[in-house]
There are 2 protein chains.
Amino acid sequence: MIDAKNVTITDSEWEVMRAIWTMGQTTSRELINAMDELQGWSDSTTKTLLHRLIKKGAVEQIGESRPFTFKPVVGEKESMSAAADDLFDHMCAMRAGSTIAQVIKTRELSKSDIEELQQILAEKAKDAPEMVDCNCLPGKMTCEEDS
Amino acid sequence: MIDAKNVTITDSEWEVMRAIWTMGQTTSRELINAMDELQGWSDSTTKTLLHRLIKKGAVEQIGESRPFTFKPVVGEKESMSAAADDLFDHMCAMRAGSTIAQVIKTRELSKSDIEELQQILAEKAKDAPEMVDCNCLPGKMTCEEDS
DNA sequence: ACACTAAGTCTACATCTGTAACTTATGTGA
DNA sequence: TCACATAAGTTACAGATGTAGACTTAGTGT
């Protein structure tokens, strides 16, 4: 299984992946139609993206006779986590908390999602530091306070 | 004040912004040195990025005589939130929860960060839905279960 | 066996990004 | 006031991305 960590999915490709992940398995026709409906893309656009994804190892083609079938090679959860990690990696560590807070506020979460998060937080609270250092500049420990 | 929502910051630009936000206000020399130390970039690279950021309205140049000063126009928190929102916007809504969970697990959070998150979650738990719909394909309500 | 159509592959091309060299202008010490 | 060190601005250029047209190949109905 290819590690999502090693596959960088661009914005447009992401849209394709979402469709593929949701369909689980699909033919190019189905996918092309879905992307047309979802994004108004021409056939070629979807085909190109699909091929780039195959080349990257995010999707694979199966079957030997022509209407081939395509299925995801990288997992959705793993890819999402990898993307989120990537994002937080280039943000100031000191502010990750408030960013997460903002995300939680604006996203819809189910009861069980919330319970899971509470569970994780309770665990994490046990040995949480008083403060997180700013890792933006060498020697700098804290950022200015935000406006 | 320019809305961070309307300014798209690329990866390299992000690195520059972090430095600027942390310095609060800076001269190009200071910034160039910081970026050299942090990323090993040549002077020109930093200058180009700085100018692109000015053109985008993320940074502004102040002062009239030469060693100019630069300061951020968009806020760090807002930019981070906008970037996070952007990310989650093109992910399956159904899986936002597990992605957030993963982020919380891997990031360092301070005691007060954790308390804030717990606070928000408690509030949110009050009217949380049993389940979040998958918004990936028209008509599809749920994704396949993850591997 | 053959034309036709759908599927699959290649090519294209403008724009965006990452990275940096080259050029011009300007404050300052001699 | 003149040369020089610095700061600022301009140009460059390869590779990634978004988007799509053109071309090729292979099942299929007659």
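Worth saying up front: this structure is predicted, and the values here are computed from it rather than measured. Lettering of chains follows the sequences in order, A, B, ..., and the numbering in each one begins at 1.
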Do B/Q118 and A/Q118 pass the side-chain hydrogen bond (donor to acceptor under 3.5 Å, both in side chains) test, and can you show the C-alpha distance, the side-chain angles, and the key distance before you say yes or no?
CA-CA 7 Å; B/Q118 286 174 322; A/Q118 286 174 321; over 6 Å; no

Check: Mapping B/R29 and A/S44 to their closest nucleotides on DNA chain D, which lands nearer the 5' end?
Finding: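 Nearer the 5' end of the strand: B/R29.
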
[N] [atom2] sits how many Å from [X] [atom1], rounded?
| X | N | atom1 | atom2 | answer |
| --- | --- | --- | --- | --- |
| B/I32 | C/dT19 | CD1 | C1' | 14 Å |
| A/K47 | D/dA22 | NZ | C1' | 10 Å |
| A/Q39 | D/dT19 | CD | C1' | 12 Å |
| B/D43 | D/dT6 | CG | P | 11 Å |
| B/E13 | C/dG18 | CD | C1' | 10 Å |
| A/I54 | C/dC10 | CD1 | P | 12 Å |
| B/N33 | D/dA7 | CG | C1' | 13 Å |
| B/L50 | D/dA8 | CG | P | 9 Å |

Reckon [X] has a side-chain N or O less than 4.0 Å from the OP1 or OP2 of [N]?
| X | N | result |
| --- | --- | --- |
| A/S12 | D/dT19 | yes |
| B/T10 | C/dG18 | yes |
| A/T48 | C/dC10 | no |
| B/Q61 | D/dG9 | yes |

From the candidates D/dA22, D/dT19, C/dA20, the one with an atom nearest any side-chain atom of A/L49 is D/dT19

Between the base of [N] and the side chain of [X], is there a donor and acceptor pair under 3.5 angstrom?
| X | N | answer |
| --- | --- | --- |
| A/R66 | C/dA7 | yes |
| B/S28 | D/dA7 | no |
| B/R52 | C/dT19 | yes |
| B/T45 | C/dG18 | no |

Taking [X] first and then [Y], would you say they form a salt bridge - that is, a charged N and a carboxylate O separated by under 4.0 Å?
| X | Y | answer |
| --- | --- | --- |
| A/D113 | A/R107 | no |
| B/E76 | A/R95 | yes |
| B/D43 | B/R29 | yes |

query: Within a reach of under 6.0 Å around CD of B/Q61, are more than 12 heavy atoms found that belong to other residues, nucleotides or ligands?
result: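 Yes, the 6.0 Å shell around CD holds more than 12 heavy atoms from other groups.
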
